[in-house]
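These numbers come from a predicted model, not from an experiment. Labels below follow one simple rule: chain letters A, B, ... track the order of the sequence lines, proteins then strands, and each chain is numbered from 1.
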2 protein chains.
Amino acid sequence: MVERHAPPLDAVFHALGDATRRRMLRELAEGERTVSQLAAPFPISLAAASKHIKALEGAGLIRREVRGRTHLCRLEPAPLSHAHEWLGFYERFWTGRLDALERLLREEDAAAPPTKDGDDR
Amino acid sequence: MVERHAPPLDAVFHALGDATRRRMLRELAEGERTVSQLAAPFPISLAAASKHIKALEGAGLIRREVRGRTHLCRLEPAPLSHAHEWLGFYERFWTGRLDALERLLREEDAAAPPTKDGDDR
DNA sequence: CGAACAGTCAACCGATTTGTTGAATGATGA
DNA sequence: TCATCATTCAACAAATCGGTTGACTGTTCG
């Protein structure tokens with residue numbers, strides 16, 4: 001009930017698909033930053049940086065506290081956690097270990113039709 | 001030496017920023033699939049699906065073996081692992097645990113700029 | 001008050017994305 | 001051989017993206 005609308009994975013991954021925004025997140029990992037502070041390292045206009053920040057906010061990756069004329073941004077980790085979990089599904093493919101479940105899936109595949117499980121998450 | 005060119009995180013996250021492509025990856029987690037098989041669940045043209053697959057390939061997320069007139073696709077986990085690692089950096093923000101490093105970072109940030117005057121800048 | 005500051009908004013631009021359709025390529029198989 | 005199958009390619013359109021500039025809103029402060 002405290003949960004906001006879960007930010008769609010689409011928006012999260014899209015936001016992460018830009019190096020500028022990823023660098024902003026790294027910066028925010030070290031503490032709160034204003035919009036100007038976030039924009040400073042980049043050779044782009046403040047308006048452009050503002051758009052990046054709005055993209056991060058739209059993906060739920062940061063939240064903002066308006067304090068007088070400055071906007072304080074801080075990291076919002078939940079969507080990062082979701083993305084991390086999503087990727088975690090594939091962990092067994094890069095760890096050397098083939099467990100029983102994976103072996104089962106792979107063999108099942110060689111013989112049976114798809115399981116029409118229809119889940120994009 | 002066996003490593004290929006590391007696919008840029010940009011391309012990986014961008015590829016993941018689309019539900020169609022994520023569903024294709026999920027499908028590939030169950031085994032090899034041809035282009036037609038990957039395209040089948042989606043209400044888009046084969047050409048469009050082919051473009052999605054090229055995006056996945058370009059991000060290094062799949063590799064393809066041409067076998068006669070069909071193209072067999074299989075999951076390539078390395079870039080997923082890299083993305084997972086990148087997100088792992090933020091893990092301390094969503095696990096409750098505050099370790100020494102994080103506490104250090106946060107305090108450093110809170111104390112640095114002001115001239116003891118206060119936080120009203 | 002009035003100037004300077006922090007930030008957004010709106011309009012615009014060029015490049016990229018995602019989809020379409022129709023033609024092309026190349027392998028398969030009766 | 002010839003039709004068919006699997007897939008890509010090329011050209012196009014609409015939407016989105018990432019950037020710009022200039023005007024605007026609201027806050028701070030001399």
Side-chain angles (χ1 to χ4, degrees), chain A residues 7-25 27-28 31-59 61-74 113-114 120, chain B residues 7-25 27-28 31-74 113-115 117-121:
Chain A
L9 229 36
D10 269 27
V12 176
F13 279 128
H14 174 258
L16 295 180
D18 182 286
T20 298
R21 290 190 288 260
R22 286 198 306 278
R23 292 223 289 152
M24 286 177 168
L25 286 182
E27 188 67 23
L28 287 171
E32 306 176 335
R33 294 289 187 272
T34 69
V35 168
S36 309
Q37 285 174 335
L38 283 176
F42 304 101
I44 62 178
S45 70
L46 187 62
S50 173
K51 285 188 194 177
H52 281 301
I53 293 169
K54 252 196 330 183
L56 291 169
E57 203 179 6
L61 290 164
I62 68 179
R63 68 183 195 281
R64 158 190 334 227
E65 181 189 345
V66 180
R67 239 179 159 186
R69 64 180 166 183
T70 74
H71 296 199
L72 248 295
C73 302
R74 63 169 54 85
D120 70 321
Chain B
L9 227 37
D10 270 27
V12 175
F13 279 128
H14 174 258
L16 295 179
D18 181 288
T20 298
R21 290 191 288 260
R22 285 199 306 278
R23 292 224 290 155
M24 286 178 167
L25 285 182
E27 188 67 26
L28 287 170
E32 307 177 333
R33 294 288 187 272
T34 69
V35 168
S36 310
Q37 285 174 332
L38 283 177
F42 304 101
I44 60 178
S45 69
L46 188 61
S50 173
K51 286 186 192 176
H52 280 300
I53 293 168
K54 252 197 327 183
L56 291 169
E57 203 178 6
L61 290 165
I62 68 179
R63 68 185 197 282
R64 159 191 328 230
E65 180 189 346
V66 180
R67 238 179 159 186
R69 65 181 163 181
T70 74
H71 296 198
L72 249 293
C73 302
R74 63 168 57 84
T115 55
D117 171 41
D119 46 40
D120 68 309
R121 59 180 226 103

Side chains of residues 41-55 of chain A: which donor-acceptor pairs under 3.5 Å do they make with residues two or more places apart or in other chains?
unit_1, atom_1, unit_2, atom_2, d
A/Ser45, OG, A/Ala48, N, 3.0
A/His52, ND1, A/Arg21, NH1, 3.1

Item to complete: Using the side chain to side chain donor-acceptor pair (under 3.5 Å) rule, collect all pairs that involve residues 8-17 of chain B, keeping only residues at least two apart or in two chains.
Response: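 Checked against side chain to side chain donor-acceptor pair (under 3.5 Å) - neighbours excluded - the pairs reaching residues 8-17 of chain B are A/Arg22-B/Asp10.
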Worksheet entry | A/Glu27 side-chain N/O to A/Met24 backbone N/O, donor-acceptor pair under 3.5 Å |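 Not at all, since once roles are kept as given, no pair shorter than 3.5 Å links the two residues.
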Discussion item. Let's see if you get this right: which residues in residues 60-73 of chain B place a heavy atom under 4.0 Å from DNA chain C?
Written reply: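 DNA chain C contact set from residues 60-73 of chain B: B/Gly68, B/Arg69.
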I'd like a table of donor-acceptor pairs (distance under 3.5 Å, sequence neighbours excluded) in which one partner is a side-chain atom from residues 60-70 of chain B, with atom names and distances.
unit_1, atom_1, unit_2, atom_2, d
B/Arg63, NH1, B/Glu76, OE1, 2.8
B/Arg64, NE, B/Glu57, OE1, 3.2
B/Arg64, NE, B/Glu57, OE2, 3.2
B/Arg64, NH1, B/His71, ND1, 2.9
B/Arg64, NH2, B/Glu57, OE1, 2.8
B/Glu65, OE1, B/Arg74, NH1, 3.4
B/Thr70, OG1, B/Arg67, O, 3.3

Worksheet entry | Non-hydrogen atoms of B/Ala15 and B/Leu56 that approach each other most closely |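 The pair with the smallest heavy-atom distance is CB-CD2, 4.3 Å.
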Item to complete: State, to 0.1 Å, how close B/Ala11 and B/Ala59 come at their nearest heavy-atom pair, and which atoms those are.
Response: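 The pair with the smallest heavy-atom distance is O-CB, 3.6 Å.
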Worksheet item: Which residues in residues 47-56 of chain B have at least one heavy atom lying under 4.0 Å from any atom of DNA chain D?
Response: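 Residues of residues 47-56 of chain B that come under 4.0 Å of DNA chain D are, in numerical order, B/Ala47, B/Ser50, B/Lys51, B/Lys54.
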Item to complete: Kindly determine whether A/Leu25 and A/Leu16 satisfy side-chain contact (heavy atoms from CB on, under 4.5 Å), including the steps that lead there.
Response: CA-CA 9 Å; A/Leu25 286 182; A/Leu16 295 180; 3.6 Å; yes
Fill in: side-chain N/O A/Ser45 vs D/dT20 OP1/OP2, d < 4.0 Å
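For D/dT20, OP1/OP2 do have a side-chain N/O of A/Ser45 under 4.0 Å.
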Item to complete: Would you tell me if any nitrogen or oxygen in the side chain of A/His14 comes within less than 4.0 Å of OP1 or OP2 on D/dC17?
Response: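 A/His14 to D/dC17 OP1/OP2: side-chain N or O found under 4.0 Å.
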In whole Å, what is the span from the [atom1] atom of [X] to the [atom2] atom of [N]?
| X | N | atom1 | atom2 | answer |
| --- | --- | --- | --- | --- |
| A/Arg33 | C/dA6 | CZ | P | 16 Å |
| A/Ile44 | C/dC13 | CD1 | P | 21 Å |
| A/Phe42 | D/dT20 | CZ | P | 13 Å |

Worksheet item: Could you give all pairs that pass the salt bridge (charged side-chain N to carboxylate O under 4.0 Å, His left out) test and reach residues 37-48 of chain A, with sequence neighbours left out?
Response: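 Sorted result for residues 37-48 of chain A: empty, none.
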Discussion item. What's A/Leu46 touching, base or sugar-phosphate or nothing? Going by heavy atoms closer than 4.0 Å.
Written reply: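 Counting heavy atoms under 4.0 Å across all strands, the contact made by A/Leu46 includes a base.
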